[in-house]
Colleague: 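Got a structure here, written out as structure tokens. Questions coming.
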Amino acid sequence: MDETEVIWEGAAALGSSEVKVWLWADPGSGLDAGELDAFATLLAHLPALDTAARAAIREDLKQDRYFIDFHADELDGVEVIERLTRDANGEAISVDAFTAAMHPVRIGLRHLIGEAKAPLVLDYTIDAETSDELLAVKVARDGTVVSVDWES
């Protein structure tokens with residue numbers, strides 16, 4: 001490898017759906033069996049990680065609901081936004097309802113030099129077919145959420 005790239009792709013079950021899993025590595029990063037075991041342990045606890053990630057998303061959106069408002073404006077006419085708007089009954093879409101409607105589209109396992117703080121990233125979207133905007137939830141080896149970042 002000459003640059004950071006996906007060296008393995010797979011899927012993990014979460015509830016009744018599957019989520020893409022990508023393993024990223026830097027050249028010369030020294031991926032070993034212990035690191036792979038640590039990733040397997042994280043994936044074995046995916047339902048708990050999803051719960052923690054959603055709690056972090058909820059708190060992040062309570063602090064700044066622009067991600068919700070952006071999608072309400074930009075995705076007008078998309079079924080999930082129409083349903084959330086209808087359920088809000090004339091009020092703003094609630095943080096709880098929006099968070100519950102989001103779903104993970106990808107899990108990144110990152111074995112990157114200098115990325116030891118957050119080797120797992122869960123990418124959440126409101127509608128993958130109409131928006132490339134994500135909330136990336138970065139998680140430490142112990143399952144602690146490190147950050148929630150808006151990415152596209």
Colleague: Quick check: are there more than 12 heavy atoms from other residues, nucleotides or ligands sitting under 6.0 Å from CD of E91?
Modeller: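 Counting other residues, nucleotides and ligands, CD of E91 stays at 12 neighbours or fewer.
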Colleague: Ignoring hydrogens and geometry beyond distance, is a side-chain donor-acceptor pair present between D142 and T144 at under 3.5 Å?
Modeller: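 Yes, T144 and D142 have a side-chain donor paired with an acceptor closer than 3.5 Å.
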Colleague: Say whether L61 and L84 are linked into one hydrophobic cluster, either directly or through other cluster members, by side-chain heavy-atom distances under 4.5 angstrom.
Modeller: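 Yes, same cluster.
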Colleague: Checking R54 side chain against T99 main chain: does a donor-acceptor pair fall under 3.5 Å?
Modeller: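 Checked: pair present.
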Colleague: Could you measure the distance from the CG atom of L23 to the CG atom of L109? Nearest 0.5 Å is fine.
Modeller: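 Rounded to the nearest 0.5 Å, the CG-CG separation comes to 5.5 Å.
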Colleague: I57 and V137: side chain to side chain contact (heavy atoms under 4.5 Å, CB included), yes or no, with the steps?
Modeller: CA-CA 8 Å; I57 288 170; V137 180; 3.7 Å; yes
Colleague: Under a 3.5 Å cutoff, is there a donor and acceptor pairing between the side chains of H103 and S17?
Modeller: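 Note: H103 and S17 side chains miss the donor-acceptor criterion.
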Colleague: Who passes side-chain hydrogen bond (donor to acceptor under 3.5 Å, both in side chains) against D127, sequence neighbours left out?
Modeller: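 T130.
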Colleague: Write down the atom of V148, the atom of A56, and the distance for their closest heavy-atom approach.
Modeller: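 Result for this residue pair: CG2-CB, 3.8 Å.
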Colleague: Sequence neighbours excluded, which residues qualify as side-chain hydrogen bond (donor to acceptor under 3.5 Å, both in side chains) partners of R65?
Modeller: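 Once residues adjacent in sequence are excluded, the partners of R65 under the side-chain hydrogen bond (donor to acceptor under 3.5 Å, both in side chains) criterion are D69.
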Colleague: For L75 and S131, work out which heavy atoms get closest and say how close.
Modeller: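 So the two residues come closest at CD1-CB, 4.0 Å.
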Colleague: Please check if M102 and V105 belong to a single hydrophobic cluster, counting links between Ile, Leu, Val, Met, Phe, Trp and Tyr side chain heavy atoms closer than 4.5 Å.
Modeller: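 Per the 4.5 Å side-chain linkage, M102 and V105 are not co-clustered.
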Colleague: Do the ring planes of F67 and W150 sit parallel (below 30°), tilted (30 to 60°) or perpendicular (above 60°)?
Modeller: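 Perpendicular.
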Colleague: Nearest 0.5 Å, what's the NZ-CD distance between K138 and E151?
Modeller: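 Answer rounded to 0.5 Å: 5.0 Å.
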Colleague: Measuring from atom CG of L135 to atom CG of L122, what distance do you get when rounded to the nearest 0.5 angstrom?
Modeller: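 Answer for the CG-CG pair, L135 versus L122, is 11.5 Å.
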Colleague: Is there a path of hydrophobic side-chain contacts, each under 4.5 Å between heavy atoms of I/L/V/M/F/W/Y residues, joining L134 to W24?
Modeller: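 No: no chain of side-chain contacts under 4.5 Å links W24 to L134.
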Colleague: Ignoring hydrogens, what is the shortest heavy-atom contact between S94 and A97? Give both atom names and the distance.
Modeller: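 Looks like OG-N, 3.0 Å.
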Colleague: State, to 0.1 Å, how close A52 and V145 come at their nearest heavy-atom pair, and which atoms those are.
Modeller: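 A52 and V145 have their closest heavy atoms at O-CG2, 3.8 Å.
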Colleague: Nearest heavy-atom pair of Y124 and A53: which atoms, and what distance?
Modeller: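 Residues Y124 and A53, closest heavy atoms: OH-CB, 3.5 Å.
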Colleague: Are any of the side-chain heavy atoms of I107 and L42 separated by less than 4.5 Å?
Modeller: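 Not in contact.
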Colleague: Looking at residues at least two apart in the chain, or sitting in another chain, which of them share a salt bridge (charged side-chain N to carboxylate O under 4.0 Å, His left out) with D123?
Modeller: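 If we apply the salt bridge (charged side-chain N to carboxylate O under 4.0 Å, His left out) test to D123, skipping adjacent residues, the hits are R106.
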Colleague: Carefully, step by step, assess L120 and F39 under the rule side chain to side chain contact (heavy atoms under 4.5 Å, CB included).
Modeller: CA-CA 8 Å; L120 184 133; F39 287 146; 5.9 Å; no
Colleague: Determine whether D60 and D64 satisfy the following criterion, side chain to side chain contact (heavy atoms under 4.5 Å, CB included), listing intermediate values before the conclusion.
Modeller: CA-CA 6 Å; D60 188 70; D64 181 359; 5.9 Å; no
Colleague: Test side chain to side chain contact (heavy atoms under 4.5 Å, CB included) on I126 and V78 and set out the steps.
Modeller: CA-CA 10 Å; I126 193 67; V78 173; over 6 Å; no
Colleague: Is there a donor-acceptor contact under 3.5 Å from the side chain of R58 to the main chain of A100?
Modeller: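 Flag not set: sc R58 to bb A100 has no pair under 3.5 Å.
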Colleague: Can you tell me if K62 has over 12 outside heavy atoms packed within less than 6.0 Å of its NZ?
Modeller: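 Enclosed.
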Colleague: Considering non-hydrogen atoms only, spot the tightest contact between A13 and L46 and give its length.
Modeller: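 Here A13 and L46 meet closest at O-CD2, 3.7 Å.
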Colleague: For the CD1 atom of I68 and the CG atom of D73, what is their distance to the nearest 0.5 Å?
Modeller: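 Reported to 0.5 Å precision, the distance equals 12.0 Å.
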Colleague: State the NE2-CD1 distance between H71 and I81, to the nearest 0.5 angstrom.
Modeller: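 Rounded to the nearest 0.5 Å, the NE2-CD1 separation comes out at 7.0 Å.
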Colleague: Nearest 0.5 Å please: distance from the CG atom of D76 over to the CD atom of E82.
Modeller: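 It comes to 7.0 Å.
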Colleague: Are I7 and L43 connected in the hydrophobic side-chain network, where two residues link if heavy atoms are under 4.5 Å apart?
Modeller: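 Same cluster: I7 reaches L43 through Ile, Leu, Val, Met, Phe, Trp or Tyr contacts under 4.5 Å.
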